Amino acid sequence: IGPGQAVFVRSGDLHLGLGRDLEPCEFFALVFAPEFLAIDGNDIVFQNYVMPVLDRTLKLPTFYSGEPAWEEELIQRTRKVRRLNKERPQGYELSIKAEMLEIWRLAFEHGERGVEGRASAAKDMITAMEYIRSEFASPLTLKDIAGRVNMSQGYFCRRFSSVMHITPFEYLLQIRVDNSCRLLRGTDLPVGEIALRCGFNGFSYFTKKFSQLVGCTPLEFRKRGKKGAD
């Protein structure tokens with residue numbers, strides 16, 4: 001690729017970049033994480049615009065030269081994301097997400113459909129995610145979740161990880177922490193009770209996993225929320 005051009009690399013595809021004649025070059029990358037673009041399997045954006053790319057029933061264009069006009073718009077929006085991230089004006093996070101969603105829309109509209117046809121497997125993963133979201137407070141096991149979509153535990157775990165790029169239990173943990181954040185912000189329930197309501201079987205384990213994903217303890221998260229409300 002040349003100056004001002006772009007490529008899209010699908011997750012799992014081997015790729016390498018070298019400067020021509022070993023000359024130094026500069027580039028930057030945007031990572032379109034599924035959870036950044038949409039919420040999960042219950043989100044219509046996820047089902048209609050993210051899952052087709054994950055299950056490879058739609059292939060986004062690989063090379064963007066800047067012609068025609070939609071490619072130039074995509075590249076300009078990419079540059080804007082980089083600029084926003086450097087300058088960081090107030091509300092820049094919202095602006096970056098808006099730009100990245102527009103980039104995804106442009107690429108999606110010009111994608112190639114019917115590439116590999118794994119739609120049935122994708123539907124099974126959506127069913128599994130919906131089940132996890134509805135039963136996250138229960139002591140779920142891999143056997144429970146795999147049984148919901150009539151798969152063996154090993155096969156289900158491999159399929160879920162290949163589509164979502166996280167394990168089923170990593171997804172379950174995210175859902176539990178997300179719901180605990182909601183209760184910490186919106187209620188005065190004791191932290192220990194919130195842990196139990198969200199499927200954690202111990203306060204210390206809850207605090208450890210919450211801190212790993214959120215970057216602070218549950219109590220610190222609640223205090224920050226109250227300061228923001230004040």
Side-chain angles (χ1 to χ4, degrees), residues 1 5-15 28-78 80-81 93-136 145-152 154-175 178:
I1 64 173
Q5 297 176 337
V7 292
F8 178 81
V9 181
R10 296 192 303 182
S11 177
D13 286 357
L14 187 64
H15 56 286
F28 65 98
L30 301 181
V31 179
F32 291 88
E35 61 272 19
F36 178 80
L37 295 169
I39 301 172
D40 53 40
N42 288 327
D43 186 337
I44 192 169
V45 172
F46 187 94
Q47 293 187 28
N48 292 347
Y49 302 102
V50 178
M51 186 56 77
V53 178
L54 290 177
D55 66 24
R56 299 183 182 240
T57 57
L58 184 139
K59 181 181 179 182
L60 299 185
T62 301
F63 178 65
Y64 304 86
S65 66
E67 296 180 1
W70 73 267
E71 289 189 10
E72 175 61 21
E73 180 184 350
L74 182 145
I75 291 170
Q76 290 301 325
R77 289 185 180 278
T78 302
K80 185 175 180 181
V81 170
E93 301 96 336
L94 291 172
S95 298
I96 285 177
K97 184 157 190 174
E99 292 297 331
M100 291 184 69
L101 287 170
E102 281 295 320
I103 292 168
W104 190 265
R105 178 188 64 80
L106 287 165
F108 190 93
E109 288 178 352
H110 295 86
E112 179 185 354
R113 296 185 178 276
V115 180
E116 296 182 19
R118 299 191 298 174
S120 60
K123 290 179 181 178
D124 287 336
M125 295 307 104
I126 290 176
T127 298
M129 286 189 289
E130 290 175 344
Y131 177 63
I132 291 172
R133 286 188 63 82
S134 65
E135 301 295 330
F136 70 90
I145 304 169
R148 191 71 175 185
V149 289
N150 299 312
M151 294 182 186
S152 69
Y155 179 73
F156 168 73
C157 196
R158 290 193 298 273
R159 294 299 300 129
F160 190 96
S161 298
S162 69
V163 171
M164 294 301 299
H165 309 292
I166 57 174
T167 67
F169 276 107
E170 286 172 337
Y171 180 75
L172 173 60
L173 181 61
Q174 287 182 358
I175 297 302
D178 286 347

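Below, each value reflects all heavy atoms present in this structure, side chains not excepted, and no hydrogens, waters or symmetry copies. Only a predicted model underlies this, so the values are computations on that prediction, with no experimental measurement involved.
Taken from CD1 in I166 to CD in Q174, the straight-line distance is 4.0 Å, to the nearest 0.5 Å. Taking CG of L60 as the reference point, atom CZ of F8 lies at 4.5 Å (rounded to 0.5 Å). To the nearest 0.5 Å, atoms CD1 (I44) and OH (Y49) are separated by 7.0 Å. Here the CG atom belonging to L106 is positioned 7.0 Å from the CH2 atom belonging to W70, to the nearest 0.5 angstrom. Remark: L172 CG to I145 CD1 distance equals 6.0 Å, nearest 0.5 Å.
With sequence neighbours excluded, the residues that form a side chain to side chain donor-acceptor pair (under 3.5 Å) with R77 are E73, E99. When the side chain to side chain donor-acceptor pair (under 3.5 Å) test is applied to Q5, no partner is found at least two apart in sequence or on another chain. Here P52 pairs with T57, L58, F108 under the side-chain contact (heavy atoms from CB on, under 4.5 Å) rule; sequence neighbours left out. Residues satisfying the side chain to side chain donor-acceptor pair (under 3.5 Å) criterion with E102, sequence neighbours excluded, are R105. F160 pairs by the ring pair (Phe, Tyr, Trp, His ring centres under 6.0 Å) definition with F156, Y171, not counting sequence neighbours. Among residues two or more places apart in sequence or in another chain, the side chain to side chain donor-acceptor pair (under 3.5 Å) test is passed with S65 by E71.
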Check your understanding: Could you walk me through whether L37 and L101 pass the side-chain contact (heavy atoms from CB on, under 4.5 Å) check?
Key -> CA-CA 7 Å; L37 295 169; L101 287 170; 3.9 Å; yes
Point to revise | Derivation of the side-chain contact (heavy atoms from CB on, under 4.5 Å) call for T62 and V9 | key: CA-CA 7 Å; T62 301; V9 181; over 6 Å; no
Point to revise | Trace of the side-chain contact (heavy atoms from CB on, under 4.5 Å) decision for F28 with T78 | key: CA-CA 10 Å; F28 65 98; T78 302; 3.5 Å; yes
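S134 places a side-chain N or O within 3.5 Å of a backbone atom of Y131 that can act as its donor or acceptor partner. Panel note: side chain K59, backbone V53; no donor-acceptor pair is recorded below 3.5 Å. Of the possible polar contacts, none joining the E130 side chain to the T127 backbone as a donor-acceptor pair under 3.5 Å is found.
Using a 4.5 Å heavy-atom threshold, the side chains of S152 and C157 count as separate. For the pair E170/L173, no side-chain contact is recorded, criterion being any heavy-atom separation below 4.5 Å from C-beta on. Two residues are said to be in side-chain contact when any heavy atoms from C-beta on lie closer than 4.5 Å; R159 and M125 meet this criterion.
In this structure, F32 has its ring center closer than 6.0 angstrom to the ring center of W104.
Taking every heavy atom of both residues into account, H110 and P61 meet most closely at O-CG, 3.3 Å. Heavy atoms only, all atoms of each residue included: I96 and V81 are closest at CG2-CG1, 4.0 Å.
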